[in-house]
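Here is the structure we will look at, set down as structure tokens.
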Amino acid sequence: MQNTWLLLLINVCYSLSCFANPQTAERSSADILREAEDYIIVEPSHSYRLLRQVNSIKTLTPSQQVRWHLIKVRSAIATNNLNNIETELEALINLQQQAYFKKHLASMLSAMGIALRRLDYFAEAKNLYTCALALELSDKKRMVLLINLAVLSRHMNDYTLARQSYQAARDIALRLHHERALANVNNNLGTLALDEGKIDMAETYYRDALVGYQSSDKRSGNITAGTNLLLVFAIQGHTLNFQRLISPISALVDAYPDRSKKALLLWLVSANDANLGKALSQDTRENLLSAFEQLESEKLQRLVKRYLAPKVKLEVNPAKRPVRAEKAAPGWFKARSFCKEPAVKPTPQKSPEFQGKVNG
């Protein structure tokens with residue numbers, strides 16, 4: 001009888017990997033990496049959580065380590081968890097001589113450029129984008145980097161370059177029938193229109209963006225375009241349209257680990273309540289002031305100050321962040337061996353034949 005129980009226990013242990021060996025652990029880390037890569041587009045929050053379950057990746061090959069840090073950077077960007085992102089960027093720089101890094105240089109430059117922009121290192125981000133646009137790459141990679149350059153240009157108040165880059169990217173997206181990229185471009189063109197006070201034009205772009213993201217099943221895109229469209233409805237005072245959209249977008253935001261999106265949602269709901277004639281409690285007003293500080297960029301803070309703060313009768317002032325373009329680049333960035341020479345400023349053309357000698 002005892003032997004029977006012992007055999008049963010051994011079988012259970014084997015089924016539960018009680019006797020796991022280093023090879024099993026290595027395969028497990030590799031499996032986690034592959035799953036994180038599979039989810040990075042449709043559910044980056046899942047990728048973010050997955051990669052943080054493993055404390056050490058020393059058993060991974062160098063190419064797998066490059067992929068690991070790249071996906072950690074991309075998932076941190078998508079979920080707005082930037083606290084430790086410079087550690088991942090430095091890790092990528094330390095692996096810059098690996099063959100995988102060099103073979104996928106455009107993807108590295110794209111992800112690192114986005115991270116640098118989110119950290120307000122504008123000059124450094126532009127260096128990487130213009131460097132990448134000087135490579136011989138596929139239309140898809142060029143399109144993505146043009147979108148990234150356009151987003152950065154808006155933050156640098158270079159609206160001419162932003163529009164040129166978006167138009168060049170849009171032409172490629174249309175030719176490739178790339179719905180997700182087209183949704184991205186439409187969303188950002190809506191934001192440019194909003195910057196310029198063209199509310200109705202912004203609404204058209206945001207509606208097209210939301211439809212595009214829904215068809216491509218990109219959750220973060222649905223959230224971004226959806227909250228932008230809610231912003232337009234709040235500005236316009238279109239409370240019925242707001243009420244129709246708030247429930248699905250609110251559910252997505254609540255399930256998404258992004259404090260900035262949650263902070264913006266509080267402002268949107270409060271502004272809509274004000275449009276409905278509801279009085280805001282003192283607690284809500286204090287929460288709005290706190291939420292304002294959590295908005296992800298000065299640009300977004302300025303939009304909220306311009307359009308929503310008057311509705312809820314609050315005085316807010318965007319935090320004046322240091323102009324990092326005028327400061328020395330971080331030490332890990334200086335350690336790069338690529339993109340050392342100043343790149344020629346790109347001049348995107350409307351034609352889809354735009355050539356440059358692009359997140360993919």
Side-chain angles (χ1 to χ4, degrees), residues 77 80 82 109-110 112-134 143-170 184-206 209 224-225 227-228 231-232 235 260 263-264 267 292-310 316-330 333 339 342-350 354 356 358-359:
I77 292 167
N80 202 37
L82 306 180
L109 299 181
S110 179
M112 294 175 70
I114 296 172
L116 285 164
R117 192 260 299 171
R118 295 291 298 275
L119 294 169
D120 295 335
Y121 288 109
F122 292 163
E124 289 75 20
K126 189 171 185 178
N127 170 272
L128 296 191
Y129 290 153
T130 54
C131 175
L133 282 166
M143 173 185 68
V144 173
L145 275 168
L146 284 166
I147 292 172
N148 292 344
L149 176 62
V151 172
L152 173 66
S153 300
R154 172 182 172 253
H155 282 272
M156 299 179 76
N157 296 315
D158 188 346
Y159 283 86
T160 299
L161 181 57
R163 288 191 183 283
Q164 290 175 343
S165 301
Y166 280 136
Q167 188 58 61
R170 189 174 186 274
N184 192 343
V185 170
N186 283 329
N187 181 71
N188 285 292
L189 285 172
T191 300
L192 288 183
L194 201 58
D195 283 348
E196 298 173 337
K198 300 174 182 177
I199 309 302
D200 292 342
M201 182 182 295
E203 179 185 350
T204 299
Y205 279 126
Y206 287 148
T224 299
T227 52
N228 285 340
L231 173 58
V232 167
I235 294 169
S260 176
L264 177 57
W267 271 91
F292 186 81
E293 301 300 321
Q294 297 177 37
L295 298 175
E296 69 180 21
S297 68
E298 184 181 341
K299 284 284 188 183
L300 182 55
Q301 286 183 334
R302 291 191 178 281
L303 287 174
V304 169
K305 174 182 172 66
R306 178 180 179 182
Y307 292 115
L308 302 186
V316 290
N317 290 298
K320 190 62 179 177
R321 302 181 183 182
V323 183
R324 302 226 176 173
E326 298 177 358
K327 294 185 177 182
F333 185 78
C339 302
V344 177
K345 180 179 179 180
T347 53
Q349 302 169 5
K350 183 175 181 180
F354 167 78
V358 261
N359 186 354

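For the single chain, residues carry numbers from 1 onward in sequence order. Only heavy atoms go into these numbers, but all of them, side chains included; no hydrogens, no water, no symmetry mates.
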[Y] side chain reached by [X] side chain, heavy atoms, under 4.5 Å:
{"X": "Val316", "Y": "Trp267", "answer": "yes"}
{"X": "Pro330", "Y": "Leu119", "answer": "no"}
{"X": "Lys299", "Y": "Asn157", "answer": "yes"}

What closest approach, in Å, do [X] and [Y] show between heavy atoms, and which atom pair accounts for it?
{"X": "Gly190", "Y": "Ala202", "result": "O-CB, 3.4 Å"}
{"X": "Ala225", "Y": "Asn187", "result": "CA-OD1, 3.5 Å"}
{"X": "Leu128", "Y": "Gly113", "result": "CD1-N, 3.9 Å"}

Output the distance between atom [atom1] ([X]) and atom [atom2] ([Y]), rounded to the nearest 0.5 Å.
{"X": "Arg117", "Y": "Lys126", "atom1": "CZ", "atom2": "NZ", "result": "14.5 Å"}
{"X": "Glu296", "Y": "Gln301", "atom1": "CD", "atom2": "CD", "result": "10.5 Å"}
{"X": "Ile147", "Y": "Ser110", "atom1": "CD1", "atom2": "OG", "result": "9.5 Å"}
{"X": "Asn127", "Y": "Leu116", "atom1": "CG", "atom2": "CG", "result": "9.0 Å"}
{"X": "Tyr205", "Y": "Leu189", "atom1": "OH", "atom2": "CG", "result": "5.0 Å"}
{"X": "Asn148", "Y": "Asn184", "atom1": "CG", "atom2": "CG", "result": "8.0 Å"}

Could you tell me whether a side-chain N or O of [X] sits under 3.5 Å from a main-chain N or O of [Y], the two making a donor and an acceptor?
{"X": "Tyr307", "Y": "Leu194", "value": "yes"}
{"X": "Arg118", "Y": "Ile77", "value": "yes"}
{"X": "Tyr129", "Y": "Ile114", "value": "yes"}

Contacts of [X] that satisfy side-chain contact (heavy atoms from CB on, under 4.5 Å) - sequence neighbours left out:
{"X": "Ser153", "result": "Leu149, Asp158, Leu161, Ala162"}
{"X": "Thr204", "result": "Asp208"}
{"X": "Ala150", "result": "Ser165, Tyr166"}
{"X": "Asn317", "result": "Lys305"}

What residues, two or more places apart in sequence or in another chain, satisfy side chain to side chain donor-acceptor pair (under 3.5 Å) together with Thr191?
->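 So Thr191 forms a side chain to side chain donor-acceptor pair (under 3.5 Å) with Tyr206.
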For Asn186, check side chain to side chain donor-acceptor pair (under 3.5 Å) against everything at least two apart and list the hits.
->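 Counting only residues at least two positions away or on another chain, Asn186 forms no side chain to side chain donor-acceptor pair (under 3.5 Å).
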Could you tell me which residues satisfy salt bridge (Lys or Arg N to Asp or Glu O under 4.0 Å) with Lys198, sequence neighbours excluded, listed by chain and number?
->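 So Lys198 forms a salt bridge (Lys or Arg N to Asp or Glu O under 4.0 Å) with Glu196.
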